[in-house]
Amino acid sequence: MRSAERIVSSARLAELYECSALLRRTRQRAEQIVNEARAMLAEAEQHDDPIRVLALSAQLEEARGAYRRILQAYTTICRKIGEERNAIIMEQVKETRAAVHEDLSGVA
């Protein structure tokens, strides 16, 4: 991998890590919101408040949907990080093999 390509790949990987960190914090907050919505719904059910139960059930489903979307994005970013790291490693392996092959060819 040429120097410029390595710099671009490293920068892209750094950006993916930043996105991953942001999505991780967002995922954690979304999980808290789902848990809070679940607790509020349980409280409304305990107080036998059907109007509040209906409203909170809808809010809980909305929170769960948002959490699922965030989790999917987080999973996608993590997969992309793995792919990017593997590509960098494979290029480094190819470069190392080529260098070793050159060294061995020069010895013979």
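Quantities reported herein were computed from a predicted structural model and do not represent experimental measurements.
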Cluster question for you: counting only ILVMFWY and a side-chain heavy-atom cut-off of under 4.5 Å, with indirect links fine, are Met90 and Leu13 together? no
Could you check if a side-chain atom of Leu56 sits within less than 4.5 angstrom of a side-chain atom of Gln59, using non-hydrogen atoms only? yes
With a 4.0 Å cut-off on N to O distance, would you call Arg29 and Glu36 a salt bridge? yes
Under a 4.5 Å cut-off applied to non-hydrogen side-chain atoms, are Glu5 and Val8 in contact? no
Gap between atom CD1 of Ile7 and atom CZ of Arg12 - 0.5 Å precision: 12.5 Å
Quick one: does Arg79's side chain get under 4.5 Å of Glu84's, heavy atoms only? no
Any ion pair linking Lys94 and Glu91 (charged N to carboxylate O, less than 4.0 Å)? yes
Quick check for you: to the nearest 0.5 Å, what is the distance between Ser10 atom OG and Glu15 atom CD? 11.5 Å
Spacing of CD belonging to Gln28 relative to CZ belonging to Arg25, to within rounding of 0.5 Å: 8.5 Å
What distance do Ile81 atom CD1 and Asn86 atom CG have between them, rounded to the nearest 0.5 Å? 12.0 Å
Quick one: pull up CD1 in Ile70 and OG1 in Thr75 and give me the separation to the nearest 0.5 Å. 11.5 Å
Do the non-hydrogen side-chain atoms of Glu45 and Arg52 ever get within less than 4.5 Å of each other? no
Verify the neighbour count for atom CD1 of Ile51: are there more than 12 heavy atoms of other residues, nucleotides or ligands below 6.0 Å? no
Is Ile33 linked to Tyr74 within one hydrophobic cluster, defined over Ile, Leu, Val, Met, Phe, Trp and Tyr using a side-chain heavy-atom separation of less than 4.5 Å? no
Rounding to 0.5 Å, atoms OG1 (Thr76) and CG (Leu23) come to a distance of 9.5 Å
Shortest non-hydrogen separation from Arg38 to Asn35 and the atoms involved: NH1-OD1, 2.8 Å
If the test is side chain to side chain contact (heavy atoms under 4.5 Å, CB included), which one of Lys80, Glu83, Arg85 qualifies with Leu16? Lys80
